[in-house]
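This report refers to the structure that appears directly beneath it.
We name chains A, B, ... by the order of the sequence lines, and we start the count at 1 in each one. Because the structure is a prediction, the values reported are computed rather than measured.
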There are 2 protein chains.
Amino acid sequence: MAKRKETSTNTENRNYITSCDLTYAVCLVGGRWKLLILCKLEKGKLRFGELRNQICNITERMLTLQLRELERDGMVKRTVYAEVPPRVEYELTEISLKLVPIWGLISNWGAEHRETMLQKNTAEAENLIEQQ
Amino acid sequence: MAKRKETSTNTENRNYITSCDLTYAVCLVGGRWKLLILCKLEKGKLRFGELRNQICNITERMLTLQLRELERDGMVKRTVYAEVPPRVEYELTEISLKLVPIWGLISNWGAEHRETMLQKNTAEAENLIEQQ
DNA sequence: GCCATTACTTACTTTTTTGTTAGTACCCTA
DNA sequence: TAGGGTACTAACAAAAAAGTAAGTAATGGC
């Protein structure tokens, strides 16, 4: 998340894999908290503190880091109001808004996958019992 | 990738974030090489060595690890033929096949995002020059 | 002058992921 | 009987990501 050694194989491989548009796109939202943040912003602008309260397990540090990366990657827009105490609002950008319908599809698939795995694991457990 | 400390905040947070179906789904393909592997398998079955050759920067260890996870998560099916030298084939499963059309959408979005960022960066660079 | 509020930083530690190198098992062929 | 091919595995090191704890700045209200 922080500074990277620019010459590592790790970095080279990152560049290699993101030449694939699909992998590139998924990497943009790959940070642990990013999709959660983006989902919260689907319904409209939110302040830093509102995001923190809605994602109860996130630390301020992680929220800041993820938001900074999302901003750098054009996924959220950050607006600072020159007030004291400070007020900062975050919202989706034009390009990230285009992903919203796709998130719906993926989310449905995720639910289906979870169902499938549950059945699979149940079946395997029953097999184990029978074998005894 | 290997063993995890089961009680870390890190692990707790993993569980928390994957209660969201969208995050859950993206985590399934979140390993560095997973989407690349899945894309190669879109066109049909492939042997271990074929995958290794088609993804030229991957090590055998990483390929093995990613395939094992994909298999555990029901994303690929592994078939071993009892021959010498060994032959192992990998293919997409019913559930991962359902993602293929969505990958197309994401991929297109990724290309568009890349374009957008390129223009944005070019514009910013020009602004910097003007300001001098 | 002191405290509260908000949105962060900074320095550091822990955990996880990724990469490197050198094996292994198996049987077939030369 | 030595070497080749295939699909791995194991031990270790490096890098990156995530988490912890303790600040900071600015100003309005008490």
Atom-to-atom span, [atom1] of [X] to [atom2] of [N] - whole angstrom:
X       : N      : atom1 : atom2 : value
B/Tyr16 : D/dA18 : OH    : P     : 16 Å
A/Phe48 : C/dA7  : CZ    : P     : 7 Å
B/Ile17 : D/dA17 : CD1   : P     : 14 Å
A/Arg52 : C/dT5  : CZ    : P     : 11 Å
A/Leu63 : D/dA17 : CG    : C1'   : 16 Å
B/Arg68 : D/dT9  : CZ    : C1'   : 9 Å

After noting the C-alpha distance and the side-chain angles of A/Trp33 and B/Ile17, does the key distance pass the side chain to side chain contact (heavy atoms under 4.5 Å, CB included) rule? CA-CA 7 Å; A/Trp33 304 93; B/Ile17 62 167; 3.6 Å; yes
First locate atom [atom1] of [X], then atom [atom2] of [Y], and finally report the distance between them rounded to the nearest 0.5 Å.
X       : Y       : atom1 : atom2 : answer
A/Lys34 : A/Leu67 : NZ    : CG    : 10.0 Å
B/Arg68 : B/Leu63 : CZ    : CG    : 9.5 Å
A/Ile37 : A/Leu92 : CD1   : CG    : 11.0 Å
A/Arg14 : A/Thr18 : CZ    : OG1   : 8.0 Å

Please determine whether a side-chain nitrogen or oxygen atom of A/Gln66 lies at a distance below 4.0 Å from atom OP1 or OP2 of D/dA18. yes
Mind checking if B/Arg47 touches a base, just sugar-phosphate, or nothing, with heavy atoms under 4.0 Å? sugar-phosphate
Show me the protein contacts with nucleotides 19-23 of chain D, counting only N or O atoms at under 3.5 Å.
unit_1: D/dG19; atom_1: OP1; unit_2: A/Arg32; atom_2: NH1; d: 3.3
unit_1: D/dG19; atom_1: OP1; unit_2: B/Asn13; atom_2: ND2; d: 2.3
unit_1: D/dG19; atom_1: OP2; unit_2: A/Trp33; atom_2: NE1; d: 3.2
unit_1: D/dG19; atom_1: N7; unit_2: A/Arg61; atom_2: NE; d: 3.2
unit_1: D/dG19; atom_1: O6; unit_2: A/Arg61; atom_2: NE; d: 2.8
unit_1: D/dG19; atom_1: O6; unit_2: A/Arg61; atom_2: NH2; d: 2.8
unit_1: D/dT20; atom_1: OP1; unit_2: B/Thr9; atom_2: OG1; d: 3.0
unit_1: D/dT20; atom_1: O4; unit_2: A/Arg61; atom_2: NE; d: 3.3

On DNA chain C, does the nearest nucleotide to B/Val84 precede the nearest nucleotide to A/Tyr90 from the 5' side, or the other way round? Give the residue. A/Tyr90
Hey, does A/Thr116 have a side-chain heavy atom less than 4.5 Å from the side chain of B/Glu94? no
